[in-house]
**Q** 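This is the structure, below, for whatever I ask next.
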Amino acid sequence: MTGARAILLDIEGTTTPIEFVHQVLFPYARARVHDFLRSRAADPDVRADVALLKREHGAEQPAPPSADLPPWNSAAELESAEAYLYWLMDRDRKSTGLKSLQGKIWEAGYRAGELKGKGEVYADVRPAFVRWHAAGKRIAIFSSGSVQAQRNLFANTTAGDLSAFLSGYFDTTTGPKRDAASYRRIAAELRCPLPDLLFVSDVDAELDAARDAGMQTALCVRTAAPASDNGHAVIHTFAEL
């Protein structure tokens, strides 16, 4: 940390328990996909998500890994998008179209007060944010969830509004989390030399990509010990940074 000018954080399993994402956020969005698509069908942003999903569907392998990939019927775009969304969710796919739409559903939930103040973060997160911010270190987020979803989560956490501590949000529109080029783009956006950036995640393959790009790395282990750390520094709490 002595040489790090900025800290880039994953969310799921790093700042936020995996259980909250999988047991609260994902089911909330899934239960509202049907009504949301139809009530917001004329919204340009939703139409853009449907168009993106259509392109993603078309890019699936000619011999799909799952024979039950639902077909896309251009005469029934909303129905096709809905079926494909469920298919993606069932497989926990990191689809940009899916993540964008989920973010919009969660945004509506926060505005309705149904998710306000429910964004769970580990107890060490806020103290670390305060400490790092006071030390002049920039804090940014890189998650598969959309930037909109990230902003809403950190503005509505169980530890209060943490958005004032964050200076950047990055999602899969920047690039895949297991691609070194994504981390180079983030460093350029933050105007921070790669060696001065520390990436913290619970997924060693993501850390491998960040290290290949030239970043410092730390594997965040919140529960059981990892099968392998691939040579990354290991922490169990942000208090260790």
**Q** Which pair of heavy atoms, one from V234 and one from E240, lies closest together, and at what distance?
**A** O-OE1, 4.0 Å
**Q** Would you check, one step at a time, whether the test ring-ring contact (aromatic ring centres under 6.0 Å, His included) holds for F142 with Y183?
**A** CA-CA 9 Å; F142 185 25; Y183 298 89; 5.4 Å; yes
**Q** Given the rule in the side-chain hydrogen bond (donor to acceptor under 3.5 Å, both in side chains) test, do S74 and K54 qualify, once you have shown the distances and angles that lead to the verdict?
**A** CA-CA 9 Å; S74 296; K54 183 177 182 178; 3.2 Å; yes
**Q** Answer yes if L52 and L69 sit in the same cluster of Ile, Leu, Val, Met, Phe, Trp and Tyr residues linked by side chain heavy atoms under 4.5 Å apart, and no otherwise.
**A**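 Different hydrophobic clusters.
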**Q** Would you call R111 and E107 a salt bridge, taking side-chain N to carboxylate O under 4.0 Å as the test?
**A** yes
**Q** Where do K118 and F20 come nearest, in terms of heavy atoms and distance?
**A** O-CE1, 2.9 Å
**Q** For the hydrophobic clusters of this structure (ILVMFWY residues joined by side-chain heavy atoms under 4.5 Å, transitively), does one cluster hold both L207 and V221?
**A**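 Yes, because L207 and V221 connect within a single hydrophobic cluster, where side-chain heavy atoms sit under 4.5 Å apart.
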**Q** Given T96, which of D171, T172, L53, D49 fulfils the side-chain contact (heavy atoms from CB on, under 4.5 Å) condition?
**A** T172
**Q** Let me check something: do I18 and L153 share a hydrophobic cluster, defined by ILVMFWY side-chain heavy atoms less than 4.5 Å apart, either directly or through other members?
**A** no
**Q** Using a strict threshold of under 4.0 Å (side-chain N to carboxylate O), is an ion pair present between R178 and D212?
**A**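 Result for this pair is no, no salt bridge flagged.
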**Q** Are the side chain of E82 and the backbone of V33 linked by a donor-acceptor contact shorter than 3.5 Å?
**A** no
**Q** I'd like to know if the side chain of S167 reaches the main chain of I139, judged simply by a donor and an acceptor atom lying under 3.5 Å from each other, with no hydrogens or angles considered.
**A**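 A pair under 3.5 Å: yes.
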**Q** Within the structure provided, determine whether R38 and E79 are in side-chain contact (heavy-atom separation under 4.5 Å).
**A** yes
**Q** Short question: side chain of Q216, backbone of F199 - any donor-acceptor pair under 3.5 Å?
**A**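 Absent.
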**Q** For residues A29 and Q102, report the shortest heavy-atom separation together with the two atoms involved.
**A**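 What the structure gives for the nearest pair is CB-CG, 4.1 Å.
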**Q** Over all heavy atoms of both residues, which pair between D45 and K104 is shortest? Give the atoms and the distance, please.
**A**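 Where D45 meets K104 most closely, the heavy atoms are CB-CE, 3.4 Å.
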**Q** So L241 and W132, side-chain contact (heavy atoms from CB on, under 4.5 Å) or not? Walk me through it.
**A** CA-CA 9 Å; L241 292 174; W132 297 339; 3.9 Å; yes
**Q** Does R191 form a salt bridge (charged side-chain N to carboxylate O under 4.0 Å, His left out) with D196? I'd like the steps, not just the answer.
**A** CA-CA 10 Å; R191 297 183 179 179; D196 295 343; over 6 Å; no
**Q** Whether the side chain of H57 engages the backbone of P70 through a donor-acceptor N/O pair (distance < 3.5 Å, no angle test) should be reported.
**A** yes
**Q** Tell me yes or no: between the side chains of E56 and S95, is some donor less than 3.5 Å from an acceptor?
**A**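 There is such a pair between these side chains.
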**Q** Between R126 and D124, does any side-chain N to carboxylate O distance fall below 4.0 Å?
**A** no
**Q** Return the minimal non-hydrogen interatomic distance between S163 and D161, and the atom names on each side.
**A**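 That would be OG-OD1, 2.5 Å.
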**Q** Just wondering, do L85 and L37 contact through their side chains at under 4.5 Å, heavy atoms?
**A**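 Contact flag for L37/L85 side chains = yes.
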**Q** Heavy-atom distance under 4.5 Å between the side chains of L162 and T15, does that happen here?
**A**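 No; the side chains remain at least 4.5 Å from each other.
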**Q** Following the transitive rule for hydrophobic clusters with a side-chain heavy-atom cut-off under 4.5 Å over Ile, Leu, Val, Met, Phe, Trp and Tyr, establish whether L101 and W72 coincide in one cluster.
**A**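 Both belong to a single hydrophobic cluster.
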**Q** So, T158 side chain and E120 main chain: donor-acceptor pair closer than 3.5 Å or not?
**A**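 Not a single qualifying donor-acceptor pair exists.
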**Q** Determine whether more than 12 heavy atoms belonging to other residues, nucleotides or ligands lie under 6.0 Å from atom CD of E189.
**A**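 For E189, atom CD is not crowded (no more than 12 foreign heavy atoms under 6.0 Å).
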**Q** Under 6.0 Å from the six-membered ring centre of F238 and within 45° of its axis: does the NZ or CZ of R222 meet both?
**A** yes
**Q** Please name the pair of heavy atoms, one in Y28 and one in I105, separated by the smallest distance, quoted to 0.1 Å.
**A** CE2-O, 3.9 Å
**Q** Are D43 and F36 close enough that some pair of their side-chain heavy atoms sits under 4.5 Å apart?
**A** no
**Q** Any ion pair linking D35 and R32 (charged N to carboxylate O, less than 4.0 Å)?
**A** no
**Q** Test H133 against F129 for ring-ring contact (aromatic ring centres under 6.0 Å, His included), laying out the working first.
**A** CA-CA 6 Å; H133 192 264; F129 279 18; 9.5 Å; no
**Q** Are the side chain of K137 and the backbone N or O of A4 linked by a donor-acceptor pair below 3.5 Å?
**A** yes
**Q** Hey, which of K177, E12, E206 is the one that makes side-chain hydrogen bond (donor to acceptor under 3.5 Å, both in side chains) with S201?
**A**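 The side-chain hydrogen bond (donor to acceptor under 3.5 Å, both in side chains) with S201 is passed solely by E206 among K177, E12, E206.
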**Q** Going only through I, L, V, M, F, W and Y residues with side-chain contacts under 4.5 Å, is there a path from Y86 to V21?
**A**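 The answer is yes; both residues are in one hydrophobic cluster.
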